Amino acid sequence: MTAEMNIFRYFEDRVEAALKALEKEGALPAGLDTSRVAVEPPRDPSHGDLSTNAAMVLAKPANMKPRDLADRLAAKLAAEEAVTEVSVAGPGFINLRLNTGFWLARIPEMLRSGPAYGASELGAGEAVNVEYVSANPTGPMHVGHVRGAVFGDALANLLEKVGYRVCREYYINDAGGQIEVLARSVLLRYREARGEAIGAIPEGLYPGDYLKPVGQALAATHGGDLIEGNDEAEALRIAREAAVEAMMELIRGDLAVLGITHEVFFSELSLHRSGAIEETVKLLEDKGLIYVGVLEPPKGETPEDWEPRPQTLFRSTQFGDDADRALKKSDGSWTYFAPDIAYHHDKFRRGYRTLIDVWGADHSGYIKRVKAAVAAITDNGAEIDVKVCQMVRLFRNGEPVRMSKRAGDFVTLREVVDEVGKDAVRFMMLTRKNDAPLDFDFVKVKEQSRDNPVFYVQYAHARIHSVLRNAAEAGYDLSDGALANADLSKLGDEAELALLRLMAGFPRQVEQAAIAHEPHRIAFYLDDLAAAFHALWNKGKDDASLRFIREDDRDATLARLVLIRAAAYVVAAGLGILGVEPTEEMR
RNA sequence: GAUCCCGUAGCUCAACCGGAUAGAGCAACAGAUUUCUAAUCUGUCGGUUGCAGGUUCGAGUCCUGCCGGGAUCGCCA
């Protein structure tokens, strides 16, 4: 159930109706394809409130000149009750201007919806799986993971907002060589906990102190039996399980600090154990997509140890990949790719027809093969979109923060959040398109100025609440009922309407962002919205009659309080998608 | 060598899966505001959208080829 109107969708229907009427009059041929007809905000607001391309899109099939068709259509649209002005411009755009009453009528919708404003039924309850983070469980999360984590989470929120049923999922890489290294590292910490002098951590093992408690816990539960009572493989198995469990606990805690909770944690190891990999490979084999062959060496610099070798390969080239891909290593064990195919297969079998993977840029070379695999397994029965997040460059007051790969010298997620706060981190991570690199400056995200969008948007929200507090103190009744009954006809200044029009465009912005899988658009929208509010606020300084609270006019005051109450809801709704708490007071 | 991403105002970036005269912020310059809690607002300046072709009524957007930057490149994850 949607409480509010998507004005663009509404006018698409009106345009459609006008076209039908023209058809009936014989002015247009029957059966025109109107799927490309769109109603959009004009690029330049001075053109009007709404714009449609109908005449240009339909001119050719209707065998008419665009301008002629536009004139006919414009005449019809001029009869719409909400329309005050229609013009035909450029190559055949029809621009509409709507009356103030139409805009004002959107305000009660916003009040009713509150922070839920912008929700829609676009997704129609369809199940979507969003896999993100999926960091290797070998240690705490570091800053490199943060962007993907925030992006994936905001995207999930966004899709939920428009009516998809979203599963937030984390793929635990608990089966590979790095996990063996982790197990050995933990075993060493175990011996350390048993009182052995282990000296420096050998090269190739994880040196971090965060493994010490795992070793201590093993010592507490197993005493000396872990190594003495087991063969090495068994000891490693026990250490590995304890280590993965502990690391996932660590990671869950890190994610919680960012406000992120996954519904499903999916273990790679479980695919190895259940036979799911064999099953999926068999499926591909039955389709004739598996063979044993020798790959060409990569062009350019040939690796020194390269030698032709027969391998079990998947014919991903049949699905657009550049080379067929190995499923088995030379020792006969599975590559990373094989269980990953089984994993995506599993998602498909759980009913997901839209899969979204969020990866770091360093994995972009892997996209084609996964898309190929999904296409093969599902017979093109699923959509997969892989969203790649580019690097985050860390700065402190303009100076790059250098991180070496050496132990303990990376910046952890917790350090970042501890220093600047969850909300600032989340917002800042969404101020760039996912596939563009992002600069993150520890000092600038805390700056209270126009160039810091985190502050700027929060301040708009806080400013509104400040005004509302003052109004309440001055005796205004700000209850839902009182606001709902206010006489809004007192509104009408251009700055007020500019703000309102922007607010009313929010549902569409949300839908567009959701369709594009681009949550950053919400952050940009919020910056625009905040700008419109601050502009209005400042107008009250030039012209006292535009102040929100006017002692000489209680009706006008109440109408404005309603407007900004609604504006605060829209800000809160947008921030909600980003996973950021709206602030009611700046300190 | 191949693949993917990026290239837009001096700087940082938008541009709604092809629309109009390509928009914001910062910086610079000129103003307003001692406040409905200050950190805000208004205006001016600023462009051959890397280059060259192509498709289209229309291209920053799609296609081809170059140039430049980044990432990745048989068994890692």
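Quick caveat, the model's predicted, so the values are computed rather than measured. The sequence lines fix the lettering, A, B, ..., with proteins before strands; numbering per chain opens at 1.
Between the CG atom of A:Asp527 and the P atom of B:C16 there is a distance of 18 Å, given to the nearest Å. Per the geometry, NZ belonging to A:Lys539 stands 14 Å off C1' belonging to B:A32, to the nearest Å. Counting to the nearest Å, the P atom of B:A77 and the CZ atom of A:Arg325 are 16 Å from each other. Straight-line distance from the CG atom of A:Asp542 to the P atom of B:C41: 13 Å, rounded to whole Å. When rounded to the nearest whole Å, the span between CH2 of A:Trp537 and C1' of B:U33 equals 9 Å. The nearest whole Å value for the distance from the CZ atom in A:Phe337 to the P atom in B:A77 is 14 Å.
Distances shown here put a side-chain N or O of A:His520 below 4.0 Å from the OP1 or OP2 atom of B:A15. For the pair A:Lys329 and B:A77, the criterion of a side-chain N or O lying under 4.0 Å from OP1 or OP2 is met. The side chain of A:Tyr366 places no N or O atom within less than 4.0 Å of a non-bridging phosphate oxygen (OP1 or OP2) of B:U3.
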Handout entry: Pair pattern of RNA chain B in dot-bracket, where unpaired bases get dots and | marks partners in another strand, Watson-Crick or G-U under 3.5 angstrom
Key = (((((((..((((.....[...)))).(((((.......))))).....(((((..]....))))))))))))....
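Taking atom P in both B:A15 and B:A20, one finds a spacing of 14 Å when rounded to whole Å.
Ring geometry for A:Phe319 versus A:Phe314: interplanar angle under 30°, hence parallel rather than tilted (30 to 60°).
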For nucleotides 56-65 of chain B, list the nitrogen or oxygen atoms of the protein found under 3.5 Å from its nitrogen or oxygen atoms, one pair per line.
unit_1: B:C57; atom_1: OP1; unit_2: A:Lys60; atom_2: NZ; d: 2.4
unit_1: B:G60; atom_1: O6; unit_2: A:Arg43; atom_2: NH2; d: 3.2

